[in-house]
Amino acid sequence: MNMDQIAHDLAVAYVNNRYGAEVTGELSVQSIGDEVTGNGAVKTERLPAADKVKHKLTKTGEKVIFGLMDKRQLSAVGYVVDPIFEQMIDDYYVAYARFHDLLQKRHADTDA
C-alpha cells in the first residue's frame, strides 16, 4: 500500500471518529462477584440527514396587520448539514496533509 492511500485511510478514520455519533447520559454499573447490574439512560446524537432542508423566514413583499408588518414565509435556503460537511472536508484535507507529512518523515528516518 502506498503512502497516499495510507494517509487517505488515516484521514477518513480521523474524520469518522471526529464526526461520529455522540453519546450522552448517565450509566451506573455495579458488580458483585460474577453478578453485574446497572441502570441509567443514554442518548445518541447523530448528524442530521444529508438531505434535510434548511429553512429561513423571508419577506413576501406583502403587508399584514393594517400594512404595518411584512408578511413572511418559510423558504428553503440549503441543507442543514452543509456547514458540517464543509468542515468535514476541511478537516479531511488538513488530516491527510498531516498524516502524509508524518509518513514521509517516518519513511525518511527508516531509509537513513
Side-chain angles (χ1 to χ4, degrees):
M1 189 180 297
N2 66 35
M3 230 181 297
D4 295 334
Q5 183 65 48
I6 294 169
H8 165 75
D9 291 349
L10 290 170
V12 168
Y14 170 81
V15 170
N16 183 53
N17 284 323
R18 182 169 176 148
Y19 292 92
E22 293 183 21
V23 179
T24 57
E26 294 183 19
L27 189 63
S28 174
V29 178
Q30 299 86 30
S31 65
I32 299 173
D34 292 337
E35 190 173 324
V36 178
T37 60
N39 60 31
V42 295
K43 181 179 179 183
T44 302
E45 302 288 336
R46 301 200 180 271
L47 292 174
D51 60 351
K52 184 174 181 179
V53 177
K54 181 177 181 178
H55 292 89
K56 180 180 176 182
L57 281 175
T58 57
K59 296 177 184 178
T60 65
E62 295 178 56
K63 296 283 187 180
V64 294
I65 308 178
F66 306 112
L68 298 174
M69 296 187 66
D70 293 315
K71 184 176 180 181
R72 297 174 184 260
Q73 69 181 16
L74 281 177
S75 299
V77 293
Y79 295 95
V80 174
V81 293
D82 283 355
I84 300 168
F85 283 173
E86 290 172 9
Q87 187 62 49
M88 288 173 75
I89 291 166
D90 291 345
D91 286 346
Y92 166 82
Y93 281 114
V94 170
Y96 175 87
R98 182 73 181 119
F99 285 128
H100 201 274
D101 287 348
L102 290 170
L103 289 166
Q104 283 183 325
K105 287 178 186 174
R106 178 63 55 99
H107 183 69
D109 289 346
T110 58
D111 283 349

Problem set entry | Separation of Asp82 CG from Lys54 NZ (nearest 0.5 Å) | 8.5 Å
For this session: Assess whether side chain to side chain contact (heavy atoms under 4.5 Å, CB included) is satisfied between Thr58 and Gln73, documenting all intermediate values.
Result: CA-CA 6 Å; Thr58 57; Gln73 69 181 16; 4.2 Å; yes
Seminar exercise, completed: On a heavy-atom basis, the closest approach of Val23 and Thr44 is CG2-OG1, 4.0 Å
Problem set entry | More than 12 heavy atoms of other groups within 6.0 Å of Lys56 NZ | no
Problem set entry | From CE (Met3) to CG (Leu103), nearest 0.5 Å | 6.5 Å
For this session: Please report the C-alpha distance between Val77 and His55 in whole Å, then the side-chain angles of each, then the deciding distance to 0.1 Å, and finally whether the side chain to side chain contact (heavy atoms under 4.5 Å, CB included) criterion is met.
Result: CA-CA 6 Å; Val77 293; His55 292 89; 5.9 Å; no
Problem set entry | For the student: nearest non-hydrogen atoms of Tyr79 and Ala50, plus distance | CD2-O, 3.9 Å
Exercise. Is Tyr19 atom OH crowded by more than 12 heavy atoms from other residues, nucleotides or ligands, each under 6.0 Å away?
Worked result: yes
Problem set entry | Common cluster, Val81/Ile89, ILVMFWY with side-chain heavy-atom separation under 4.5 Å | yes
Problem set entry | Working for side chain to side chain contact (heavy atoms under 4.5 Å, CB included), residues Asp4 and His100 | CA-CA 7 Å; Asp4 295 334; His100 201 274; 2.6 Å; yes
Exercise. Honestly curious: do Phe85 and Tyr14 fall in one hydrophobic cluster under the side-chain, below-4.5 Å linking rule?
Worked result: yes
For this session: Give a yes or no answer on whether the side chain of Asn16 reaches the backbone of Val12 with a donor-acceptor pair at less than 3.5 Å.
Result: no
Exercise. Partners of Arg98 by salt bridge (Lys or Arg N to Asp or Glu O under 4.0 Å), sequence neighbours excluded?
Worked result: none
For this session: May I ask you to check whether over 12 heavy atoms, not counting those of Met69, lie within 6.0 Å of atom CE?
Result: no
Exercise. Would a line drawn from the ring center of His8 to the ring center of Phe99 be shorter than 6.0 Å?
Worked result: no
Exercise. Counting only heavy atoms not in Gln30, do more than 12 sit closer than 6.0 Å to its CD atom?
Worked result: yes
Problem set entry | Separation of Leu10 CG from Leu102 CG (nearest 0.5 Å) | 9.5 Å
Exercise. At what distance, to the nearest 0.5 angstrom, does CG of Leu47 lie from CE of Met88?
Worked result: 6.5 Å
For this session: Starting at CD of Glu86, measure out to CG of Asp90 and round the result to the nearest 0.5 Å.
Result: 7.5 Å
Problem set entry | Heavy-atom closest contact (Pro48 atom, Ile84 atom, distance) | CD-CD1, 4.2 Å
Exercise. Say you draw a straight line from OH of Tyr96 to CG of Asp101; how long is it, rounded to the nearest 0.5 Å?
Worked result: 10.0 Å
For this session: Check salt bridge (Lys or Arg N to Asp or Glu O under 4.0 Å) between Lys43 and all other residues, then give those that pass, not counting sequence neighbours.
Result: Glu45
Exercise. Would you find more than 12 non-hydrogen atoms of other residues, nucleotides or ligands less than 6.0 Å from Gln5 atom CD?
Worked result: yes
Problem set entry | Transitive ILVMFWY cluster of Leu74, excluding itself - 4.5 Å side-chain cut-off | Leu57
Exercise. What are the two closest non-hydrogen atoms of Val80 and Val53, and how far apart are they?
Worked result: CG2-O, 3.8 Å
